[in-house]
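Reading through the structure tokens given below for one structure.
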Amino acid sequence: MEKMKKRECPLFLLLAIIFFSQNVKAFDQLTTVYWYRTRNYAQLLILLILVLYIVVKGYVNSRQLLIYLVFVSSIAFGVFVHNDFMGIFWILDCTRAFLLVTIFEEYSIAEKFEKIMFVVCGVYSGLYLVAICYLDILKTPIYTFLESTRLVWNHASLYEQYKNGTDSLRSYAFFREPGVYQMFIILAIVIELFVIEKFRWWHVGLYMFAILATRSTTGYMCLLLVMLMTALHFMKKNRKTILCIMGASAVGGILVPTMLGSILAKFTATGVQSHSWLSRLASVVTNIYFWKQSPFIGMGLSYINENFETVNRVVFGLQAGTLKIKDNTNTVLLFFAAYGTVVGIMFLIGTFGWCKAVAKSNLQTLILFVTLVFLYAGEAVNGTCYPYILFFMGMFYLGDNMHKKRVEAKE
């Protein structure tokens, strides 16, 4: 049988995968029955479309199918042993990502993703500029929900009020957290510079401004790493070296004072006790604790979610009624803690493989891998397709340059 020829990824399909996910605030933070069902039905419809495409158009490469089966079987075994229903959602997200990468050309997926993010960043950066001038418009809540720290979310995903009476202006786009939004922005920058390889200054400039608008410390740090990677890449291309250095210097001049202030604030007496700082620290320490209890098959996602806050109180010596730490924010360590070493190691290998496929040198590969590890340390996105798409691309095309494969495919 002739191998199925990969096709261009439809823009609407990738947009649906991004939008109908737990990353999006409208379907996660506002957990009404209507929106929850809409998201689930949309995800099942996407899965059905991808399966039908495989059935009608061709077959799955045996090597790629084996990688998928080993990874999913490792999760499924933990789901069965721990009677862990929640892990099934990870398997479904993993399956959608696998089919997407199998059917459609990896360069096309990356290119369509960058187009989507350019429009999203353009719209919400514009709204952010308007909000700076007319902040009072945002101070009338459109909808309200109660959370451990925040009291009010507002329209345009820009303005938030806290229970202690303070407020903040941060850009979220339609994502559930600024930390998730900045993940997608950083990925779009990497694709623009190292996959599409066009260095369109208006795209890069917009993404940098969007990162600033998130006011995410993780975003600032990862942006500086990507800027370093970019400088190393264009150093041998005289025509663009000056532009790269000037852009990096200009943005660095804006970023560094803001970034240092955000980072140092986390180490003050108030900052160390903050929910954000402790959540990230606990997501390292407590996930390692869970992993040590069962390093081969993990403890199960349901068990970790149910006991994360309780174990944190023991680990950090927190008394009842004090600050609660219930947000598990580390994608990589959550794989190890929930479903064991095989799943965690495979995910790291695939992620590194994607970095190798995108970067142009070993040093750039290392910088990009560290960047992704930082990104994954800030938010747990295991329940979405995003990390699995990068994982499967890396596992399927380990060592192959993505841009080179695109040129070869056209010849």
So side chain to side chain donor-acceptor pair (under 3.5 Å) across residues 71-89, not counting sequence neighbours, yields Asp84-Ser302, Asp84-Tyr339

Taking every heavy atom of Asn382 against every heavy atom of Tyr388, the minimum-distance pair comes out as O-OH, 2.7 Å

How far apart are the C-alpha atoms of Cys121 and Ile185, what are their side-chain angles, what is the distance that settles it, and do they pass the side-chain contact (heavy atoms from CB on, under 4.5 Å) test?
CA-CA 8 Å; Cys121 289; Ile185 299 171; 3.8 Å; yes

Take the angle between the ring planes of Tyr181 and Phe175 and call it parallel below 30°, perpendicular above 60°, tilted in between.
parallel

So, using side chain to side chain contact (heavy atoms under 4.5 Å, CB included) as the criterion, who are the partners of Tyr289 when residues are at least two apart?
Gln293, Val311

Backbone N or O of Phe194 within a donor-acceptor pair of the Lys360 side chain at under 3.5 Å?
yes

Does the pair Phe336 and Phe347 meet the rule for a ring-ring contact (aromatic ring centres under 6.0 Å, His included), with working shown?
CA-CA 9 Å; Phe336 281 91; Phe347 180 75; 9.1 Å; no

So which heavy atom on Val70 is nearest to which on Met346, and how close?
CG1-SD, 3.7 Å

What is the distance from atom CD1 of Ile367 to atom OG1 of Thr230, rounded to the nearest 0.5 Å?
9.5 Å

Drop me the distance from Phe352's CZ to Leu368's CG, to the nearest 0.5 angstrom.
10.0 Å

Close side-chain approach of Trp90 and Val72, heavy atoms under 4.5 Å:
no

Considering all heavy atoms of both residues, which atom of Cys355 and which atom of Leu372 are nearest to each other, and what is their separation?
SG-CD1, 3.6 Å

Check the pair Phe104 / Tyr53 against ring-ring contact (aromatic ring centres under 6.0 Å, His included), numbers first and verdict last.
CA-CA 10 Å; Phe104 302 111; Tyr53 198 99; 5.7 Å; yes

Once you round to the nearest 0.5 Å, how far does CE of Met208 lie from CD1 of Ile189?
6.0 Å

What I want to check is whether the side chains of Asn312 and Thr286 have a donor and an acceptor closer together than 3.5 Å.
yes

Answer yes or no: does atom CZ of Phe77 have more than 12 heavy-atom neighbours from other residues, nucleotides or ligands under 6.0 Å?
no

With a 4.0 Å cut-off on N to O distance, would you call Glu114 and Arg200 a salt bridge?
yes

Assess whether side-chain contact (heavy atoms from CB on, under 4.5 Å) is satisfied between Phe184 and Asn23, documenting all intermediate values.
CA-CA 10 Å; Phe184 282 72; Asn23 282 330; 3.6 Å; yes

Do the ring planes of Tyr68 and Phe392 sit parallel (below 30°), tilted (30 to 60°) or perpendicular (above 60°)?
tilted

Testing the basics here: between Ile211 and Tyr220, what is the closest heavy-atom pair and its distance to 0.1 Å?
O-CE2, 3.7 Å

Taking atom CZ of Phe374 as the centre, report whether more than 12 heavy atoms of other residues, nucleotides or ligands fall under 6.0 Å from it.
no

List the steps, then state whether side-chain contact (heavy atoms from CB on, under 4.5 Å) holds for Thr218 with Gln182.
CA-CA 8 Å; Thr218 304; Gln182 61 87 16; 3.7 Å; yes

Heavy-atom pair with the smallest gap, counting every atom of Thr341 and Pro295
OG1-O, 2.6 Å

Indicate the atoms forming the closest heavy-atom contact of Glu192 with His203, along with that distance.
OE1-ND1, 3.9 Å

Between Ser283 and Leu333, is the side-chain contact (heavy atoms from CB on, under 4.5 Å) condition met? List the steps.
CA-CA 8 Å; Ser283 297; Leu333 292 180; over 6 Å; no

Please verify the inter-ring angle class for Phe396 with Phe98; under 30° counts as parallel, over 60° as perpendicular, anything in between as tilted.
perpendicular

For Lys112, check salt bridge (charged side-chain N to carboxylate O under 4.0 Å, His left out) against everything at least two apart and list the hits.
Glu8

